[in-house]
Amino acid sequence: MTQYERYQSLCRGPWPLPKEYDSELTCFYYDNHRTPSLVIRPVKVEVVFHKPRIFMLRGILSEREMDRLKELAGPILKRATAKNADSGKDEPAHYRISKSGWLSSKHDPLGYVDRIDRRIEDFTGLTMSTAEQLQVVNYGIGGHYEPHYDFGTDEASFTDGKDRNRIATVLFYLSDVELGGATVFPIVGARIQPFKGDAAFWWNLKKSGEGDMLTRHAGCPVLVGTKWVCNKWIHEGGQEFRRRCGLTPNEESYGHSL
Ligand SMILES: O=C(O)CCC(=O)C(=O)O
Ligand SMILES: [Fe+2]
């Protein structure tokens, strides 16, 4: 099967995983080393895949927060674009069919955006000062995002600028999807069915700082209904004392921590 066929097949339905794989999956309440806000309200974490490790944070957003994000995004949603490699211009691309918009806390006097940022900072232990703004995305029927990496794969993304590459992704699901619209990782066979209020979290970069090539993922075409998600891309800059480098090139984190 080609890479693209794997993507299509995973979109149609989950692949069976080996038994021993299932038995290693865990869930736990997480307070990230007694972070005060999480001691009061721990995050419900489920490890849904090992390599790469994919965490689901169950019920991390409230109905009210999700309504507010959609309300803020409504007026600024625009057809998503991507850089055309030939012309160098940003234009709509067939491989990414959706509308999206960036939310600034400046446009949210009620403080929802700031509060969500703080929650992400609390459960990841990472600074949001170098992260991108929240990106709200809406897919209609047929909307999709073909396989891609969230981190830049060119040399410059790893070295240029003080914030450098996207170290981790938080992908919030702001809606259920009636049919289709799963998030899939075609190299490894992971598949996430969107559940309103949950978020997926994964590291794009290994502890060595190299890109994790297993994190290639996609948003499957929506067949029935609409799909709302919200991305938070966290950058490498500023995390030097928050996520330590690995001692070996492929060191991974294990146990009850993200
Ligand atoms: O919509 C999804 O499930 C995935 C979205 C995504 O990967 C992205 O926006 O980078
Ligand atoms: Fe992505």
Side-chain angles (χ1 to χ4, degrees), residues 3-4 6-14 48-49 52-58 60-61 66 69-70 73 76-83 90 92-103 120 131-154 157 165-205 211-236:
Q3 181 42 255
Y4 197 78
R6 291 168 70 88
Y7 154 60
Q8 291 177 311
S9 149
L10 256 183
C11 283
R12 278 183 225 116
V48 294
F49 212 83
R53 255 161 99 82
I54 303 172
F55 303 91
M56 293 306 299
L57 314 168
R58 301 291 184 193
I60 189 80
L61 292 183
M66 292 186 275
L69 293 180
K70 287 180 222 168
I76 57 164
L77 286 180
K78 287 207 181 63
R79 172 76 164 83
T81 57
K83 208 168 231 80
D90 275 330
H94 65 88
Y95 57 83
R96 186 180 193 185
I97 311 272
S98 61
K99 285 183 161 190
S100 61
W102 300 94
L103 294 187
I120 301 171
E132 293 169 55
Q133 292 179 340
L134 285 173
Q135 185 194 49
V136 177
V137 186
N138 176 232
Y139 302 85
I141 289 176
H144 64 262
Y145 191 175
E146 290 182 10
H148 64 277
Y149 291 107
D150 282 352
F151 61 93
T153 48
D154 56 320
S157 304
N165 223 334
R166 287 172 171 168
I167 194 171
T169 296
V170 187
L171 175 60
F172 296 98
Y173 295 99
L174 309 182
S175 72
D176 299 324
V177 186
E178 266 181 75
L179 199 64
T183 306
V184 297
F185 292 67
I187 296 179
V188 295
R191 183 181 201 275
I192 300 165
Q193 189 62 40
F195 249 117
K196 191 177 184 187
D198 291 355
F201 174 86
W202 67 86
W203 297 102
N204 293 305
L205 307 185
D212 184 343
M213 302 316 276
L214 301 180
T215 61
R216 198 172 172 81
H217 61 279
C220 293
V222 172
L223 303 179
V224 181
T226 78
K227 174 181 175 187
W228 287 88
V229 299
C230 177
N231 283 298
K232 185 72 176 181
W233 286 302
I234 304 170
H235 278 250
E236 253 188 308

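Being a predicted model, the structure only gives us computed values, none of them experimental. Residues take their numbers from the sequence shown, with the count starting at 1. Just follow the structure's listing: the first ligand is 1, and inside any ligand the first atom is 1.
Every atom of ligand 1 with a heavy atom of H148 under 4.0 Å away is listed here by number and element: 6 (C), 7 (O), 8 (C), 10 (O). Proximity to Y145 (heavy-atom distance under 4.0 Å) selects the following atoms of ligand 1: 6 (C), 8 (C), 9 (O), 10 (O). In the vicinity of W233, heavy-atom distances shorter than 4.0 Å reach the ligand 1 atoms 10 (O). Of all atoms in ligand 1, numbered sequentially from 1 with element shown, those under 4.0 Å from a heavy atom of H217 are 7 (O). Annotation for ligand 1: atoms under 4.0 Å from non-hydrogen atoms of T183 are 2 (C), 3 (O).
Distances from ligand 1 to the non-hydrogen atoms of H144 include no value under 4.0 Å. Heavy-atom separations between W228 and ligand 1 are all 4.0 Å or longer.
The nearest heavy-atom contact from the protein to atom 2 (C) of ligand 1 is K227 NZ, 3.2 Å. Scanning the protein for heavy atoms near atom 1 (O) of ligand 1, the closest one is Y139 OH, 2.6 Å.
Salt-bridge check for R166 with E132: passed, with a basic side-chain N closer than 4.0 Å to an acidic carboxylate O.
Its N, O or S atom nearest to the Fe ion (ligand 2) is what matters here, and for D150 that atom is OD1.
Using a distance-only test at 3.5 Å, with no hydrogens or angles considered, no donor-acceptor pair links the side chain of H235 to the main chain of W233. Looking at K227, its side chain does come within 3.5 Å of a backbone N or O of G181 through a donor-acceptor pair.
Residue-level proximity to ligand 1 for Y149 is absent, since no heavy atom of it falls below 4.0 angstrom. Here D150 has side-chain heavy atoms under 4.0 Å from ligand 1, and that is the only part of it that gets that close. Residue contacts with ligand 1 for N231 involve side-chain atoms from C-beta outward but no N, CA, C or O (heavy atoms, distance under 4.0 Å).
Contacts of C220 classified as disulfide (SG to SG under 2.5 Å), with partners at least two apart in sequence or in another chain: C11.
Figure legend: cation-pi geometry between R216 and Y149, with NZ or CZ positioned under 6.0 Å from the six-membered ring centre and within 45° of its axis.
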### Task
With side chain to side chain donor-acceptor pair (under 3.5 Å) as the test, would you mind laying out the steps for R6 and Q8 before giving the verdict?
CA-CA 5 Å; R6 291 168 70 88; Q8 291 177 311; over 6 Å; no
### Query
Are D150 and T215 close enough, and set up right, to give a side chain to side chain donor-acceptor pair (under 3.5 Å), and what steps lead you there?
CA-CA 8 Å; D150 282 352; T215 61; over 6 Å; no
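In this structure, K196 places its NZ atom where more than 12 heavy-atom neighbours from other residues, nucleotides or ligands lie under 6.0 Å away.
N138 and S98 form no side-chain donor-acceptor contact under 3.5 Å, judged by distance and modelled atom types alone.
Considering backbone and side-chain atoms together, Q135 places no N or O closer than 3.5 Å to any N or O of ligand 1.
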